[in-house]
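Inspection log for the structure reproduced underneath, given as structure tokens.
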Amino acid sequence: MTLRTRIIPCLQLLDQNLVKTVQFKNPAYIGDFINTVRIFNELEVDELCFLSIRATVKNLKPNIQILSQIAEECFMPLSYGGAIRDFETAKNIFALGFEKVVINSYLFENPEFIKKLSEHFGAQSVVVSMDVKKNMFGKYGVYSHSGTKKQNHKPVEWAQKMEKLGAGEIILTSIDRDGTWAGYDIELTKVISESVNIPVIANGGAANVSDIVDVVKDGMASAVALGSMVVYQQKGLGVLINFPDKSKLRQLL
Amino acid sequence: MITILDYGMGNLGSISNMFKKIGVKSIITSSLDYLEDAEKILLPGVGAFDKAMKIINEKGFRKILDKKVLNERVPILGICLGMQLFTDNSEEGKLPGLGYIRAKTIRFRLPESNSRLKVPHMGWNEVVKTNDSDLTHGIEEVSQYGDPPRFYFVHSYYVKVDNEANSILKTIYGISFDSGIQNDNIFGAQFHPEKSHKFGMKVLENFANI
């Protein structure tokens with residue numbers, strides 16, 4: 001059996017480097033992206049996601065050169081997100097050999113952008129990224145621009161709107177859990193998963209295989225993204241590119 | 001040298017990247033002259049059946065392909081839509097296919113009761129060998145974890161061979177379909193080897209060694 005639940009290393013790019021944030025802050029240097037992706041090929045990882053952080057905030061364009069180097073080394077389905085704001089850029093990224101584009105901040109200016117991409121490239125190639133944070137009263141809010149800008153949409157309402165406009169899947173990141181090794185936000189994942197019919201990829205907080213199992217079984221996530229867990233040995237320890245034990249995952253999922 | 005035929009259907013960069021990775025020379029071309037000189041041909045393809053056949057017929061590729069493949073018996077590998085074009089016809093279109101392998105291309109009709117399965121069939125899935133083939137040689141041994149061979153698929157139509165001797169791989173997605181086919185020097189893969197890391201590399205390496 002293949003892994004029925006997609007398990008996707010989600011890697012953060014900052015300038016030329018691979019980094020890892022904690023709650024979207026303090027990006028720590030992980031390494032050279034090319035070496036890292038070579039290791040993921042070796043580890044027989046079935047899908048990779050690259051998110052360029054701060055790209056919209058810094059008003060950058062997707063770095064086509066880096067993406068093209070990644071596409072030359074990665075022989076698995078790939079997605080990319082970060083500062084995609086126009087049709088041509090998305091088209092260029094697909095042409096490099098990426099299967100999916102991930103869109104976030106620009107959608108709050110122009111939600112119809114999803115529709116345009118979806119109609120042209122197919123819903124399966126368009127991913128909406130939703131960054132969510134709890135406020136002091138325990139209410140969830142949607143954020144854009146690397147977690148710096150609060151948007152006036154309720155998470156469920158935004159997810160449903162994106163589905164309706166043609167999103168093929170949603171990558172749902174808990175800003176509070178990002179890089180904390182505290183486990184996924186199961187409550188958040190469940191609320192969103194139950195409100196849409198498209199796959200929801202849970203992101204933020206995974207520390208071990210049982211966190212993955214929990215967010216799939218209790219949070220109804222159809223796929224999971226892994227950050228710190230695949231770039232560090234353990235919480236507080238050094239960099240080690242790795243992937244959880246597949247036979248264990250197969251047994252539990 | 002492998003000639004990757006660029007007839008305007010889909011991205012070919014990933015395929016040539018993988019050949020580069022495994023140290024096999026390849027060239028992406030839409031030139032009739034280059035096709036005429038080909039030692040080995042790769043026919044890729046993503047998109048609609050009729051559109052692809054129309055281009056192949058109208059741009060003069062058909063005549064050369066027929067000669068190379070049927071008379072000179074040059075090895076050819078069709079990937080995804082490229083493989084479907086080898087069949088006699090497709091439910092996706094009205095034009096006849098290349099007819100290199102007696103087979104039909106059929107739309108997935110999945111039972112309503114199984115809502116987990118969606119069309120397109122997209123994602124990784126396993127294959128089972130049905131007949132030995134040079135194309136699939138050793139694919140069970142590539143995983144360092146002992147995983148059975150798996151490949152990345154994206155398609156809404158599948159191939160069914162008329163004669164089981166032409167099936168080399170089968171995959172189950174609601175129904176069992178032919179995910180790999182062969183007729184002598186003509187090979188087809190429904191999946192994308194260029195997106196199937198070690199398993200795909202093995203298949204392309206095998207094709208390069210035929």
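Hydrogens, waters and symmetry mates play no part in the numbers below; they use all other heavy atoms, side chains included. To find a chain, count down the sequence lines: A is the first, B the second, and so on, and within it residues start at 1.
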So, B:Lys198 side chain and A:Glu42 main chain: donor-acceptor pair closer than 3.5 Å or not?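 Yes, the answer is positive, given that a donor and an acceptor are paired below the 3.5 Å cut-off.
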
For chain A, the option from B:Met122, B:Glu194, B:Gln144 that forms the most heavy-atom pairs under 4.5 Å: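 Result: the option with the highest number of such pairs is B:Gln144.
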
Among the listed options A:Met76, A:Gln124, A:Glu47, the residue most often paired with chain B at heavy-atom distances under 4.5 Å: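 Answer, by heavy-atom pair count under 4.5 Å with chain B: A:Met76.
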
Name the member of A:Gly122, A:Cys74, A:Pro77, A:Gly97 that forms the most heavy-atom pairs with chain B at distances under 4.5 Å.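 The residue among A:Gly122, A:Cys74, A:Pro77, A:Gly97 with the greatest pair count is A:Pro77.
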
Using non-hydrogen atoms and a 4.5 Å limit, figure out which bit of [X] sits close to chain A: side chain, backbone, both or neither.
| X | value |
| --- | --- |
| B:Ser14 | both |
| B:Val154 | neither |
| B:Tyr145 | both |

What part of A:Glu99 gets closer than 4.5 Å to chain B, counting heavy atoms only: side chain, backbone, both or neither?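 A:Glu99 touches chain B through side-chain heavy atoms alone.
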
Between A:Asp245 and chain B, which part of the residue has a heavy atom less than 4.5 Å away: side chain, backbone, both or neither?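 For A:Asp245, neither part sits under 4.5 Å from chain B.
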
Taking 4.0 angstrom as the limit, do B:Lys21 and A:Glu73 come out as a salt bridge?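 So B:Lys21 pairs with A:Glu73 through a salt bridge.
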
Please determine if B:Lys195 and A:Asp46 form a salt bridge, counting it only when a charged side-chain N lies under 4.0 Å from a carboxylate O.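 Salt bridge between B:Lys195 and A:Asp46, a charged N being under 4.0 Å from a carboxylate O: no.
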
Counting a contact as any heavy-atom pair under 4.5 Å apart, which residues of residues 38-46 of chain B contact chain A?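 Answer by number: none.
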
What parts of residues 80-93 of chain B touch chain A if we use heavy atoms and a cut-off under 4.5 Å?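 When heavy atoms of chain A are the reference, residues 80-93 of chain B contributes no residue within the under-4.5 Å range.
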
List the atom of A:Lys246, the atom of B:Asp147, and the distance in Å for their closest heavy-atom pair.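 Minimum heavy-atom contact is CD-OD2, 4.1 Å.
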
List the atom of A:Val45, the atom of B:His197, and the distance in Å for their closest heavy-atom pair.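 Of all heavy-atom pairs spanning A:Val45 and B:His197, the closest is O-CD2, 3.2 Å.
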
Any pair counted as ring pair (Phe, Tyr, Trp, His ring centres under 6.0 Å), so long as it reaches residues 63-103 of chain A, sequence neighbours left out: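 Found A:Phe87-A:His120, A:Phe87-A:Phe121, A:Phe94-A:Phe121.
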
Kindly indicate whether the side chain of B:Ser143, heavy atoms from C-beta on, has any atom under 4.5 Å from the side chain of A:Glu44.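 Yes, side chains in contact.
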
Among all residues two or more places apart in sequence or in another chain, which pass the side-chain contact (heavy atoms from CB on, under 4.5 Å) test with B:Asn57?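 Result, side-chain contact (heavy atoms from CB on, under 4.5 Å) vs B:Asn57: B:Met53, B:Arg62.
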
